[in-house]
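Just so it is clear, the values below take in all heavy atoms, side chains as well, and ignore hydrogens, waters and symmetry mates.
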Amino acid sequence: EITSESIRIIDNFLQQEHLESPKIHTKTNRFDAIGKLVIILERLKEAHSDKQFRLKTEEKHMFINADELKFFQIAHNVLSNSVKFTRKNGVIETTVKAYAKKIEITIKDDGIGIPDELKPFVFEKKSRAGRPGLNGEISNGIGLYVVKKLYTMLGGTVVLGALFLFI
């Protein structure tokens, strides 16, 4: 519980910092994207033992050149959203696929989903699509806005349910 709260505080701080920064700089380094996802999923499993987390990939390691901290924040934000809207004993599945010059990360859950009328707004700043989680978690309406902004900076694209990053 303390770990979850600490991660939430840090995540909120980073989101606010990114929103207030006039120009965000990226620091590219080589790291194992699958290794980072494993760390995030392990932390989420510890904090949310009432949910099932799965990682599907044919690769044991996938080294990419990108900003490691921003990649971590992006993946954590998206997975945290899945946690907020997935019921007890629900499944959150992360799939990683490698292509010639890009990777695809797909996050799928069996949660309540996004109502069709809110889908056009999920990537907006202070989105009206923000809503409390199933356990009353507060939404500030900027999580997916930050995800899209950061991922675009890394050279990737974001669509509902999938992240594409060119490597």
Side-chain angles (χ1 to χ4, degrees), residues 1-16 18-19 32-60 62 68-98 103-152 154 156-165:
E1 190 174 307
I2 291 170
T3 301
S4 293
E5 183 63 15
S6 296
I7 289 172
R8 187 188 67 74
I9 290 168
I10 292 167
D11 196 40
N12 286 341
F13 171 77
L14 290 172
Q15 287 178 4
Q16 193 60 34
H18 287 301
L19 288 174
D32 182 4
I34 291 176
K36 286 292 167 204
L37 289 170
V38 166
I39 290 168
I40 295 167
L41 291 169
E42 285 175 358
R43 288 181 183 173
L44 288 171
K45 280 180 194 177
E46 289 171 9
H48 304 280
S49 59
D50 63 333
K51 312 244 186 320
Q52 299 176 47
F53 296 87
R54 298 184 184 145
L55 176 62
K56 291 175 57 177
T57 182
E58 294 179 4
E59 311 292 329
K60 290 188 181 195
M62 191 175 299
E68 188 172 1
L69 178 61
K70 288 173 180 53
F71 179 87
F72 188 91
Q73 183 183 0
I74 291 162
H76 185 269
N77 278 5
V78 175
L79 285 162
S80 292
N81 271 1
S82 285
V83 168
K84 281 192 335 188
F85 297 105
T86 298
R87 291 180 180 87
K88 186 177 182 176
N89 298 317
V91 177
I92 299 168
E93 183 176 274
T94 303
T95 304
V96 183
K97 294 180 183 177
I103 64 170
E104 175 185 1
I105 302 169
T106 306
I107 299 168
K108 182 173 89 174
D109 61 59
D110 59 3
I112 62 170
I114 301 169
D116 287 340
E117 66 272 11
L118 295 179
K119 288 179 181 178
F121 310 106
V122 296
F123 295 114
E124 290 180 352
K125 185 176 181 180
K126 297 289 184 182
S127 173
R128 61 179 145 179
R131 56 199 169 124
L134 295 179
N135 293 314
E137 299 94 339
I138 297 169
S139 171
N140 53 23
I142 63 169
L144 291 178
Y145 166 78
V146 170
V147 164
K148 186 166 187 167
K149 184 174 181 178
L150 292 177
Y151 219 65
T152 301
L154 297 181
T157 57
V158 178
V159 296
L160 285 177
L163 308 168
F164 302 93
L165 184 63

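The closest side-chain heavy-atom distance from I112 to R87 is below 4.5 Å. Residues V91 and R54 have side chains in contact (heavy-atom distance under 4.5 Å, counting atoms from C-beta outward). Side-chain atoms of R131 and I114, non-hydrogen and from C-beta on, do get closer than 4.5 Å to each other. You'll find the side chain of L154 stays beyond 4.5 Å of the side chain of L150, heavy atoms only.
Smallest separation of non-hydrogen atoms from I107 and S82: CG2-OG, 3.5 Å. In terms of heavy-atom proximity, L144 sits nearest to V122 at CB-O, 3.3 Å. Heavy atoms only, all atoms of each residue included: V96 and T57 are closest at O-OG1, 3.1 Å. Minimum heavy-atom separation, K51 to I92: CD-CD1, 4.4 Å. Taking every heavy atom of both residues into account, F72 and K36 meet most closely at CD1-CD, 4.1 Å. The two residues F53 and H48 come nearest to each other via the heavy atoms CE1-O, 3.7 Å.
No more than 12 heavy atoms of other residues, nucleotides or ligands shown are found within 6.0 angstrom of CZ on R43.
In this structure, CG on L44 lies 5.0 Å from NE2 on H76, to the nearest 0.5 angstrom. Taking NZ of K148 as the start and CG of N77 as the end, the distance is 15.0 Å to the nearest 0.5 Å. Considering OG1 of T94 and CG of L79, their distance stands at 4.5 Å, rounded to 0.5 Å. Expressed to the nearest 0.5 Å, how far CD1 of I103 lies from CD1 of I34 amounts to 8.0 Å. Taking CD1 of I74 as the start and NZ of K149 as the end, the distance is 12.0 Å to the nearest 0.5 Å.
Formation of a donor-acceptor pair under 3.5 Å by the D50 side chain with backbone atoms of K88 is not found in this model. Under the 3.5 Å distance criterion, the side-chain polar atoms of K84 are left unmatched by any main-chain donor or acceptor of E137. Put simply, the side chain of Q52 gets close to the backbone of N89: a donor and an acceptor are under 3.5 Å apart. Between the side chain of D32 and the backbone N or O of M62 there is at least one donor-acceptor pair closer than 3.5 Å.
Screening residues 111-122 for salt bridge (Lys or Arg N to Asp or Glu O under 4.0 Å) gives D116-K119 as the qualifying pairs, with residues at least two apart or on separate chains.
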* To do: Any chance you could lay out the side chain to side chain contact (heavy atoms under 4.5 Å, CB included) test for D109 and N81, step after step, and finish with the verdict?
  => CA-CA 10 Å; D109 61 59; N81 271 1; over 6 Å; no
* Assess whether side chain to side chain contact (heavy atoms under 4.5 Å, CB included) is satisfied between I105 and F71, documenting all intermediate values. => CA-CA 11 Å; I105 302 169; F71 179 87; 3.7 Å; yes
